[in-house]
Amino acid sequence: QVHLVESGGGLVQAGGSLRLSCAASGRVISSYGMGWFRQAPGKERDFVAAISRTGGATYYTDSVKGRFTISRDNAKNTMYLQMNSLRPEDTAVYSCAAAEGYYTTRTMPRLIGPDEYDYWGQGTQVTVSS
């Protein structure tokens, strides 16, 4: 079992930055591909970004490319999402997730689908004001 806890959310003005953290316990995250998803009120959960076990491969949804950066520190059992140039449309609950598969640059798109993941955190609220 992997227990995931997100932190770092909050209220920020448009153009500002936040860094989300996803701390894992129970098992080492170096065995997992990991991702970030977000869900705005009244909308479906959407993929944001994913990262392979070693961090050598990453994948982003188009709307965050160039603004968000996903990273991980396996020694700290933690994954991060650096969010810059935030927009009001980025407002959502952000959740992290862990997937037991092995992912390369070629297979990273599989991590777009929520069903690929085995463990989920509870989420952290990000609110961007205009």
Side-chain angles (χ1 to χ4, degrees):
Q1 281 279 29
V2 177
H3 183 58
L4 302 173
V5 178
E6 302 92 341
S7 62
L11 173 64
V12 64
Q13 289 188 332
S17 298
L18 285 174
R19 188 175 84 152
L20 305 184
S21 297
C22 173
S25 61
R27 296 181 68 177
V28 293
I29 63 170
S30 57
S31 299
Y32 298 88
M34 300 195 67
W36 287 97
F37 285 75
R38 64 186 179 186
Q39 187 168 20
K43 295 187 177 181
E44 294 184 352
R45 181 167 54 190
D46 290 331
F47 169 78
V48 176
I51 190 166
S52 62
R53 292 181 178 183
T54 63
T58 57
Y59 198 78
Y60 297 91
T61 191
D62 286 345
S63 63
V64 308
K65 285 180 181 177
R67 300 189 298 124
F68 291 11
T69 302
I70 189 171
S71 63
R72 64 193 297 163
D73 186 339
N74 288 341
K76 295 183 178 180
N77 233 28
T78 302
M79 176 180 66
Y80 305 97
L81 185 68
Q82 177 67 43
M83 305 187 295
N84 299 328
S85 302
L86 282 161
R87 305 167 180 169
E89 55 264 38
D90 294 319
T91 295
V93 174
Y94 285 70
S95 299
C96 64
E100 291 185 345
Y102 179 76
Y103 303 93
T104 65
T105 300
R106 183 179 62 83
T107 61
M108 286 296 288
R110 288 166 47 191
L111 287 169
I112 293 175
D115 291 345
E116 191 73 12
Y117 295 84
D118 301 285
Y119 304 100
W120 291 85
Q122 292 298 310
T124 185
Q125 176 70 47
V126 171
T127 303
V128 185
S129 63
S130 57

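Note that the numbering runs from 1 along the sequence shown for the chain. Below, each value reflects all heavy atoms present in this structure, side chains not excepted, and no hydrogens, waters or symmetry copies.
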For this session: Rounded to the nearest 0.5 Å, what's the gap from CD on Q122 to OG on S95? Could you check?
Result: 8.0 Å
For this session: Flag yes if L81 and L86 sit in one hydrophobic cluster, no otherwise; membership is Ile, Leu, Val, Met, Phe, Trp, Tyr, and two members link when side-chain heavy atoms are under 4.5 Å apart.
Result: yes
Seminar exercise, completed: Contacts of R87 meeting salt bridge (Lys or Arg N to Asp or Glu O under 4.0 Å) (sequence neighbours excluded), chain-then-number -> none
Problem set entry | Between CD on residue E100 and OG on residue S31, distance to nearest 0.5 Å | 9.0 Å
Exercise. Could you state the interatomic distance from OG1 (T78) to CE (M34), rounded to the nearest 0.5 Å?
Worked result: 9.0 Å
For this session: Output the rest of the hydrophobic cluster of V5: all Ile, Leu, Val, Met, Phe, Trp and Tyr residues reachable through side-chain heavy-atom contacts under 4.5 Å, sorted by chain and number.
Result: none
Problem set entry | Closest heavy-atom pair and its distance - A98, L4 | N-CD1, 3.8 Å
Exercise. Looking only at heavy atoms, which two atoms of V48 and F68 are closest? And how far apart?
Worked result: CG1-CD2, 3.8 Å
Exercise. So which heavy atom on N74 is nearest to which on S30, and how close?
Worked result: ND2-CB, 3.6 Å
Exercise. If you round to the nearest 0.5 Å, how far is CD1 of I70 from SG of C96?
Worked result: 9.5 Å
Seminar exercise, completed: Residues joined to L111 in its hydrophobic cluster, side chain to side chain under 4.5 Å directly or through other members, sorted by chain and number, are F37, F47, Y59, Y103, M108, I112, Y117, W120
For this session: Under the salt bridge (Lys or Arg N to Asp or Glu O under 4.0 Å) rule, collect the residues that match up with R110, sequence neighbours excluded.
Result: E116
Problem set entry | Pairwise side-chain contact, Q125 with T91, heavy-atom cut-off 4.5 Å (strictly under) | yes
Problem set entry | Full working for side-chain contact (heavy atoms from CB on, under 4.5 Å) between R38 and V64 | CA-CA 12 Å; R38 64 186 179 186; V64 308; 4.1 Å; yes
Please table the atom pairs, donor to acceptor, closer than 3.5 Å between any side-chain atom in residues 9-27 and protein atoms at least two apart or in another chain.
from	atom 1	to	atom 2	distance (Å)
S17	OG	N84	OD1	2.9
R27	NE	Y32	OH	3.4
R27	NH1	Y32	OH	3.2

Problem set entry | Closest contact, heavy atoms only, R45 versus P114 | NH2-CB, 3.9 Å
Exercise. With the 4.5 Å side-chain cut-off for hydrophobic clustering, are Y94 and Y80 part of the same group?
Worked result: no
Exercise. Nearest heavy-atom pair of K65 and Y60: which atoms, and what distance?
Worked result: CE-O, 3.4 Å
For this session: Start with the C-alpha gap between M83 and D90, add the side-chain angles, then the distance that decides, and say whether side-chain contact (heavy atoms from CB on, under 4.5 Å) holds.
Result: CA-CA 9 Å; M83 305 187 295; D90 294 319; over 6 Å; no
Seminar exercise, completed: Cluster membership besides Y102, Ile/Leu/Val/Met/Phe/Trp/Tyr side chains within less than 4.5 angstrom, sorted by chain and number, is none
Exercise. Does S52 offer a backbone N or O that forms a donor-acceptor pair with the side chain of R72 under 3.5 Å?
Worked result: yes
Exercise. How many angstroms lie between atom CG of N77 and atom CD1 of I29, to the nearest 0.5 angstrom?
Worked result: 5.0 Å
